[in-house]
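Only one structure is covered here, and it is reproduced in the block below.
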Amino acid sequence: VYDMPTSLQFYRDILGFKVISSSGESDDVDWVLLKHGDVELMLNTLFEIPARPSERDLSRQAIHQDIILF
């Protein structure tokens, strides 16, 4: 994901996933493991916090080459 706080707001606060583990204490972290019932979902940021560009690359987002599902 590009923006972990925004992603957590959706998955945790709207869809009801629970944070099982994460790379830090706040919402602005590099990865989180979420769980909802029997479903586990791991979100990883595209960029670690110090390297994150100030704006999204919309051309990359348009073709979704950064999505991986296992």
Side-chain angles (χ1 to χ4, degrees):
V1 300
Y2 173 79
D3 182 332
M4 187 63 77
T6 300
S7 296
L8 277 172
Q9 181 183 8
F10 175 73
Y11 286 99
R12 182 191 58 209
D13 302 341
I14 295 174
L15 295 183
F17 279 82
K18 303 289 183 207
V19 175
I20 303 302
S21 186
S22 72
S23 62
E25 298 295 319
S26 72
D27 284 358
D28 199 11
V29 294
D30 291 321
W31 62 266
V32 295
L33 176 62
L34 303 165
K35 186 168 183 165
H36 192 294
D38 293 334
V39 176
E40 288 187 0
L41 178 67
M42 177 162 264
L43 300 178
N44 293 286
T45 55
L46 181 57
F47 302 96
E48 291 185 1
I49 293 168
R52 188 177 305 151
S54 59
E55 295 186 22
R56 297 174 192 246
D57 179 353
L58 297 180
S59 64
R60 181 180 187 141
Q61 182 177 331
I63 56 175
H64 298 285
Q65 290 185 352
D66 53 351
I67 294 176
I68 302 171
L69 298 174
F70 294 94

Find out if a path of hydrophobic residues (ILVMFWY) with successive side-chain heavy-atom gaps under 4.5 Å connects [X] to [Y].
X: Val1; Y: Val39; result: yes
X: Val19; Y: Leu43; result: yes
X: Leu15; Y: Met4; result: yes

Which residues satisfy the side-chain contact (heavy atoms from CB on, under 4.5 Å) test with Leu33, sequence neighbours excluded?
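Leu33 satisfies side-chain contact (heavy atoms from CB on, under 4.5 Å) with Ile20, Ser21, Glu40, Met42 only.
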If you look only at pairs with a residue in residues 6-24, which of them pass as a salt bridge (Lys or Arg N to Asp or Glu O under 4.0 Å), with sequence neighbours excluded?
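As it turns out, the salt bridge (Lys or Arg N to Asp or Glu O under 4.0 Å) pairs with a partner in residues 6-24, which skip direct neighbours, are Arg12-Asp27.
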Are any side-chain N or O atoms of Ser23 and backbone N or O atoms of Val29, one a donor and one an acceptor, separated by less than 3.5 Å?
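Not confirmed, Ser23 side chain does not pair with Val29 backbone.
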Within this structure, what is the OH-OG1 distance for the pair Tyr2 and Thr45, rounded to the nearest 0.5 Å?
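Answer rounded to 0.5 Å: 11.0 Å.
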Roughly how far apart are Asp3 CG and Asp28 CG, rounded to 0.5 Å?
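Answer rounded to 0.5 Å: 7.5 Å.
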